[in-house]
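Below: the structure, in structure tokens.
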Number of protein chains: 2
Amino acid sequence: MSAADLAYHRGMGRWEPNGRGRLAQAALDLYVERGFDQTTVAEIAERAGLTERTFFRHYADKREVLFDGAATLQQLMVDAAAAAPEAASPLEATAAALDALGEMFDGRRDFALRRHSVISVNPELQERELIKLARLTEAIAATLRERGVGEPAASLTAQAGIGVFHVSFQRWVAPGETRKLDELMREGLEELKAVIR
Amino acid sequence: MSAADLAYHRGMGRWEPNGRGRLAQAALDLYVERGFDQTTVAEIAERAGLTERTFFRHYADKREVLFDGAATLQQLMVDAAAAAPEAASPLEATAAALDALGEMFDGRRDFALRRHSVISVNPELQERELIKLARLTEAIAATLRERGVGEPAASLTAQAGIGVFHVSFQRWVAPGETRKLDELMREGLEELKAVIR
DNA sequence: ATAGGCGAGGTCAGCGGCTGACATCGAGCG
DNA sequence: CGCTCGATGTCAGCCGCTGACCTCGCCTAT
């Protein structure tokens, strides 16, 4: 057993707590160290002191371990959009969801950068990211519909909002960028308004 | 050998022409008949009168066979956007690309519906579709940049355009819908303008 | 206290997607 | 006629992922 492994399960027995968390940590570390393709699930499990089979009990596939937070994130945004004043326009309610998102990311910039460095060089992972974003878009559209917005207005507004997030996020993680995510998103939203006309 | 197989390689020797096309046809047919997950690559190859190894020489993976047209489509849209009058706004150039797309799809509605029926029930295939759409968005953004549009305006405009296409496409393939795709897209674009304000 | 439930984890076998290495076929060309 | 060359075939093997079944040890009810 390598020295690195010890940091993960020194003295851990079969029932050491938080196996799921250990798997997530081991996976991200290995993906960063050697790349996603060069990491096998057996290696992740070994570093976490578990077996390959157990990895698949916690995560549906090798990619999903990087997208665990998506559900929480979605709930955060949906709640924010739903909590917007009744008089708020669809776009304003969506902007409220973006604000909640920005707040969350700005506190976790290091993690976001690490994670992004893995995803940005792997098409399979980009695919997974895109479908999470699409499901998020659909959730926001559903929230807007509950607020009385019709179709296709609800879907188009949600897509515009997530589109602004996506473009802003790319700028936020670009080397040399110092502005905060919510500032970039606000700027992006204004730019979108200017260009759609 | 089944009767169905004969339709694909009746009398075909090793060098019968258009192996690639036969693989694509066999794949779509099988995906429609039994579903994507229930179809093995070996079965596709067998129906096309080839071997599994040959399938992977033509297509990078089992999903890619459904997305062969993406490059052509991208070229079509990029050309249309680049050919827009110099005086056209970014959004107008993007709308020209959408027009080209609409024309193409309206002539192939049966194929589009068949293909969509397979993709719509399979998350893996949706992931692939989304990344193709994202690459298409990036290509249009690049074209807009060549037309002198800055960032983030170029990316935001391209995303809005593809967003309109995506929403409109969903409506176009919905049961009971009778309008043409380009009509739906024009309507979507107006709706987007109304909601972004 | 102890039996048994039960949930987290382990073991084993196997399928199918995908790849590298190497052999073979057949068309066209000198 | 023999050669080259691109398309295909053959074979072996890794790894992602799954089903079926077993084991461990905590918790609770009696």
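Predicted model only: the values in this text are computed from it and were never measured. We name chains A, B, ... by the order of the sequence lines, and we start the count at 1 in each one.
Sorted by first and then second residue, the pairs that involve residues 149-167 of chain A and meet side-chain hydrogen bond (donor to acceptor under 3.5 Å, both in side chains), not counting sequence neighbours, are A/R145-A/E151, A/E151-A/S155, A/Q159-B/H166, A/H166-B/Q159. Residues in residues 56-76 of chain A take part in these ring-ring contact (aromatic ring centres under 6.0 Å, His included) pairs, two or more places apart or across chains: A/F55-A/Y59. Pairs engaging residues 115-124 of chain A under the salt bridge (Lys or Arg N to Asp or Glu O under 4.0 Å) rule: A/R115-A/E129 [sequence neighbours left out]. The stretch residues 81-110 of chain A participates, sequence neighbours left out, in these salt bridge (Lys or Arg N to Asp or Glu O under 4.0 Å) pairs: A/D99-A/R186. Listed by first then second residue, pairs satisfying salt bridge (Lys or Arg N to Asp or Glu O under 4.0 Å) with a partner in residues 69-78 of chain A number zero, not counting sequence neighbours.
A/E177 is linked by a salt bridge (charged side-chain N to carboxylate O under 4.0 Å, His left out) to A/R179, counting only residues two or more places apart in sequence or in another chain. For the salt bridge (charged side-chain N to carboxylate O under 4.0 Å, His left out) test, residues two or more places apart in sequence or in another chain that qualify with B/D61 are B/R128.
The side chain of A/T51 contributes no N or O atom lying less than 4.0 Å from OP1 or OP2 of C/dG9.
Of the candidates D/dC17, D/dG9, C/dG10, D/dG9 carries the atom nearest the B/T54 side chain, counting heavy atoms from C-beta on.
Distance CG (B/L50) to C1' (D/dG6): 15 Å, rounded to an integer number of Å. Rounded to whole Å, the distance from CZ on B/R20 to P on D/dT8 is 11 Å.
Taken residue by residue, residues 118-129 of chain B places no heavy atom nearer than 4.0 Å to DNA chain D. DNA chain D lies under 4.0 Å from no heavy atom of any residue of residues 35-44 of chain B. Of the residues in residues 55-67 of chain B, those with a non-hydrogen atom less than 4.0 angstrom from any atom of DNA chain C are B/F56, B/R57, B/A60, B/D61, B/K62.
In this structure, B/K180 and B/F105 have side chains that are not in contact, with every pair of non-hydrogen atoms separated by 4.5 Å or more.
In terms of polar N and O atoms assigned as donor or acceptor, the side chain of B/R53 comes within less than 3.5 Å of the base of C/dG20 in a complementary pairing.
Under the 4.5 angstrom side-chain criterion for Ile, Leu, Val, Met, Phe, Trp and Tyr, A/V78 has no cluster partners at all. Hydrophobic cluster membership of A/V121, counting Ile, Leu, Val, Met, Phe, Trp and Tyr whose side-chain heavy atoms lie under 4.5 Å apart directly or via other members: none, as it forms a cluster of its own.
Put simply, CG on B/L101 and CG on B/L181 are 6.5 Å apart, with the number rounded to the nearest 0.5 Å.
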